[in-house]
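A short write-up of the structure that comes next.
Predicted model, so just to flag it, every value in this text is computed and none were measured. Both ligands and their constituent atoms are indexed starting at 1 by order of listing. Residue indices begin at 1 and follow the sequence shown. Values below: all heavy atoms of this structure, side chains included; hydrogens, waters and symmetry mates excluded.
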Amino acid sequence: MVSFQAILVFISIFFFVNQCVSTNEVQFYQNYYQKYGGDHIIVTDQGKEVCLMMDQYTGSGFISNQHFGSGDFSIDLKIPNKNSTGVITTFYLTSLPINGDPGIRHDEIDFEFLGGDGKYTLNTNIFANDGGSREQQFNLEFDPTTDFHTYRILWNQYHIVFYADDVPIRVFKNNTNYGVNYPTNKMHIEATIWNDTNWVGDVDWSQGPFKAYYRDFSINGCQYQESNPQECYNNNYYWNTITNLSPDEVQKYEDVKAEQMTFSYCMRNNSMNFPECMLN
Ligand SMILES: *[C@@H]1O[C@H](CO)[C@@H](O)[C@H](O)[C@H]1NC(C)=O
Ligand SMILES: *[C@@H]1O[C@H](CO)[C@@H](O)[C@H](O)[C@H]1NC(C)=O
Ligand SMILES: *[C@@H]1O[C@H](CO)[C@@H](O)[C@H](O)[C@H]1NC(C)=O
Ligand SMILES: *[C@@H]1O[C@H](CO)[C@@H](O)[C@H](O)[C@H]1NC(C)=O
C-alpha cells in the first residue's frame, strides 16, 4: 500500500519539476506576435504552446518581434493530422515587408509542409534577392503529424542548413564567389497555416478545422542593426563559428539525399540558371 507521505512526496516532485520547466521555457509573446487569423490562433499552456488553425474562413500566422542578420532558428512543430490536401504549414525566415507589397525579389528560407491525401511533402525553398524556385522536397523518416519535431534553420555567412531534429536535410553554401546568389537582407521569422489552390490543390474544408501546434519559442539570433550590419557576422555568436557539417552530420546528410529527397530544382530543365546546381 502506498503511504500518504509517499504520495505527498510524489506530488511535490511533480510540481517542482513542472515549475522548473515553466520558468526555463520562453513564452510565445516574448518573441512573437499574431500576424493574422483573429481567433484562429490559440495560445495555451501559459504561452508555451500555440495552435494555428485554418478553416474555410481563414488561416492564421505569427511573426517574430525582431529582425535578424544571422542565427540558429528552430521551433517544435506538429503538423495537422487530418486528411489535409491543399493545407500548407510553415516555419520560415523572410525579408518581405511585414504588411507591404510582397514583390518578387527578396530573401527567404522556407520549411513548408504540403498536406496530401493521407500523406504530406516537406518542401524547402531559398530566395536570394530573387524569385526563389530553389525547391527541394523530402519524405522524412518520421511522421510529422503524430509528434512534435524540431525544425531548424542555421543561417550565417558560410551556409544555410536545414535540420529536421538533428539531421541536416539541406545545405546551401555561400558560393557568391561562383556567382551564386545568397541572402543578404535582414529577415524575420514567420509561421503560418494557409492554402494555395494553384500550387497544391483544393482543400476539402469538411476535413477541417486544420490545426498545427508549435512549441519552444526561444530564438538564437543576432538582432539586425541598420547602423552595424557586420555585427551579425561576429564570432561571439556561436552559430557564426559553425562553418561546416561535422563528419557525423555529413554522413546523415548523404543518407537523406540518397533516401529521403524526392525532388530538387536542380533536376529541372532550367537548372543552368542556377550556378549552384553545377557545383558540388
Ligand atoms: C484559400 O486559397 C484561396 C486562393 O487559392 C483564397 O481565395 C482563399 O481565401 C483561401 N482560404 C483561406 C481560408 O485562407
Ligand atoms: C559570402 O561569402 C563572402 C566570402 O566568400 C563574404 O565576403 C560575404 O560577406 C558572404 N555573404 C554573406 C551575405 O554572408
Ligand atoms: C481526403 O480528402 C479528399 C478530398 O480532398 C478525398 O478525395 C479523399 O478520399 C480523402 N481521403 C481520406 C483518406 O479520407
Ligand atoms: C524538359 O526536358 C525534357 C527532355 O529533355 C522534355 O521532355 C520536357 O518537356 C522538358 N520540360 C520542360 C518543362 O520544358
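- Protein non-hydrogen atoms do not reach within 4.0 Å of atom 6 (C) of ligand 1.
- The side chain of W205, and not its backbone, has at least one atom closer than 4.0 Å to an atom of ligand 1 (non-hydrogen atoms only; side chain from C-beta on).
- Among all non-hydrogen protein atoms, the one lying nearest atom 3 (C) of ligand 2 is N174 ND2, 3.6 Å.
- At a distance under 4.0 Å, a protein heavy atom can be found next to atom 1 (C) of ligand 2.
- Scanning all protein heavy atoms for the shortest distance to atom 10 (C) of ligand 1 gives N195 ND2, 2.6 Å.
- For the ligand labelled ligand 2, residue Y233 lies inside the 4.0 Å heavy-atom shell.
- Of all the heavy atoms of D55, the ones lying under 4.0 Å from any atom of ligand 1 belong exclusively to the backbone.
- Counting protein heavy atoms under 4.0 angstrom from atom 14 (O) of ligand 1 gives one or more.
- In the displayed structure, F263 atom CZ is contacted under 6.0 Å by more than 12 heavy atoms of other residues, nucleotides or ligands.
- Using 4.0 Å as the threshold, P183 has a heavy atom nearer than that to some atom of ligand 2.
- Between the CG atom of D72 and the OH atom of Y237 there is a distance of 13.5 Å, given to the nearest 0.5 Å.
- For K211 and Y213, the positive end is not near the middle of the six-membered ring at less than 6.0 Å and at most 45° from its axis.
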